[in-house]
*Asks:* 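Provided herewith is a single structure, encoded as structure tokens, for subsequent inquiry.
Computed over heavy atoms, backbone and side chain alike; hydrogens, waters and symmetry mates excluded.
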Amino acid sequence: MSRYTTILLAIPLVLLASGCGSPESKARSACLDLIGDIDLDFSGDTLVDVSVIRPVAKERKDRFLGKPENRDRVICRGALHAGDYTQTPWVDWANYWGAADASSKANSLFLSGVGVNGALIDLEYERMELIRFNLFDNYTWESYINGSGGTEGAAMKVWPEMRLPDDHPSYAAV
């Protein structure tokens, strides 16, 4: 399916989900631009071109810092309000539709959903890469530096320091 067909299919959905004259029109436009960048392939096992999905960083210097690299993605998730803060040192997800208090909800359920889901995606990237590069825990640094049982610390998959002891009251629940 071509990019133009994808856009033509998405336009009615986006317009139905939010009013044409609403203040969220810039966000809808940015969302449509993002949809236009996705190539759908109905011939293989994958429906969406996964090249548009950000890979988890392999090196610390490439890790996600809470700033999506595509300004349209930020505007789609939080309109111009979120786009205004892309140059600040703070994470962007707190400015997305529906990710703060009740006043952050968009008039459109679609855009509020995009904002909340975008915030969750950003948080998940941060979580995965903090774990991958051991940037969150004071108890595992020694294992990360020295390794364990002949395995380098960065390659370790099991961290005993992060497991609940067998006698912990919540052990069965985990």
Side-chain angles (χ1 to χ4, degrees), residues 27 30-31 33-41 43-106 111-174:
C31 291
D33 288 344
L34 288 173
I35 291 170
D37 290 341
I38 298 173
D39 291 323
L40 296 180
D41 178 13
S43 62
D45 294 334
T46 305
L47 177 62
V48 176
D49 176 11
V50 293
S51 67
V52 298
I53 299 172
R54 183 189 185 285
V56 175
K58 295 192 185 312
E59 298 201 22
R60 186 180 281 198
K61 67 179 178 59
D62 299 323
R63 71 187 178 90
F64 181 67
L65 299 174
K67 299 285 192 187
E69 57 283 343
N70 186 326
R71 184 162 162 58
D72 279 341
R73 182 167 287 133
V74 175
I75 292 172
C76 173
R77 293 176 178 177
L80 295 176
H81 172 71
D84 291 342
Y85 294 100
T86 56
Q87 299 303 315
T88 64
W90 301 285
V91 296
D92 286 337
W93 66 262
N95 297 310
Y96 294 168
W97 297 115
D101 59 11
S103 69
S104 70
K105 290 183 180 177
L111 287 177
S112 287
V114 167
V116 170
N117 287 325
L120 292 172
I121 290 168
D122 285 2
L123 284 168
E124 183 62 13
Y125 274 110
E126 290 175 50
R127 185 191 72 80
M128 288 186 297
E129 292 178 0
L130 286 172
I131 290 171
R132 172 171 267 176
F133 301 115
N134 198 40
L135 298 173
F136 73 100
D137 188 351
N138 290 333
Y139 300 104
T140 62
W141 67 271
E142 189 173 341
S143 298
Y144 184 80
I145 298 298
N146 298 327
S148 176
T151 303
E152 289 185 30
M156 290 178 59
K157 301 289 183 209
V158 176
W159 298 85
E161 300 91 346
M162 298 171 104
R163 294 185 172 219
L164 287 177
D166 296 345
D167 59 347
H168 191 278
S170 298
Y171 182 80
V174 178

*Asks:* Looking at every non-hydrogen atom in both residues, tell me the closest pair between C76 and V114 and how far apart they are.
*Replies:* SG-CG1, 3.7 Å
*Asks:* When rounded to the nearest 0.5 angstrom, what distance separates CG in D92 from CG in L65?
*Replies:* 11.0 Å
*Asks:* Which heavy atom of D101 sits nearest a heavy atom of S103, and at what distance?
*Replies:* OD1-OG, 2.6 Å
*Asks:* Let me see the working for V158 and R163 under side chain to side chain contact (heavy atoms under 4.5 Å, CB included), right down to the final yes or no.
*Replies:* CA-CA 9 Å; V158 176; R163 294 185 172 219; 3.6 Å; yes
*Asks:* Looking only at side-chain N and O atoms, does N117 offer a donor or acceptor that is under 3.5 Å from a partner on Y96?
*Replies:* no
*Asks:* Quick one: SG on C31 to CG on L111, what's the gap to the nearest 0.5 Å?
*Replies:* 5.5 Å
*Asks:* Indicate yes or no: does R77 engage D122 in a salt bridge with an N to O separation below 4.0 Å.
*Replies:* yes
*Asks:* For W93, which of L123, L120, V74 qualifies under side-chain contact (heavy atoms from CB on, under 4.5 Å)?
*Replies:* L123
*Asks:* Is any side-chain N of the basic residue among R73 and E69 closer than 4.0 Å to the acidic one's carboxylate O?
*Replies:* yes
*Asks:* What closest approach, in Å, do A106 and S112 show between heavy atoms, and which atom pair accounts for it?
*Replies:* N-OG, 2.9 Å
*Asks:* Output the distance between atom OH (Y171) and atom CG (D166), rounded to the nearest 0.5 Å.
*Replies:* 4.5 Å
*Asks:* Determine yes or no for a side-chain-to-main-chain donor-acceptor pair under 3.5 angstrom, with S104 supplying the side chain and W97 the backbone.
*Replies:* no
*Asks:* Could you pull out all donor-acceptor pairs under 3.5 Å where a side-chain atom in residues 126-133 meets a protein atom, sequence neighbours excluded?
*Replies:*
{"residue": "R127", "atom": "NE", "partner": "E124", "partner atom": "OE1", "Å": "3.1"}
{"residue": "R127", "atom": "NE", "partner": "E124", "partner atom": "OE2", "Å": "3.4"}
{"residue": "R127", "atom": "NH2", "partner": "E124", "partner atom": "OE2", "Å": "2.7"}
{"residue": "E129", "atom": "OE1", "partner": "F64", "partner atom": "N", "Å": "2.4"}
{"residue": "E129", "atom": "OE2", "partner": "R54", "partner atom": "NH1", "Å": "2.9"}
{"residue": "E129", "atom": "OE2", "partner": "A57", "partner atom": "N", "Å": "2.8"}
{"residue": "R132", "atom": "NH1", "partner": "A57", "partner atom": "O", "Å": "2.6"}

*Asks:* Restricting to non-hydrogen atoms, name the atom on D72 and the atom on N70 that form the minimum distance, rounded to 0.1 Å.
*Replies:* N-OD1, 2.8 Å
*Asks:* Decide if atom NZ of K105 counts as having more than 12 heavy atoms of other residues, nucleotides or ligands within a radius under 6.0 Å.
*Replies:* no
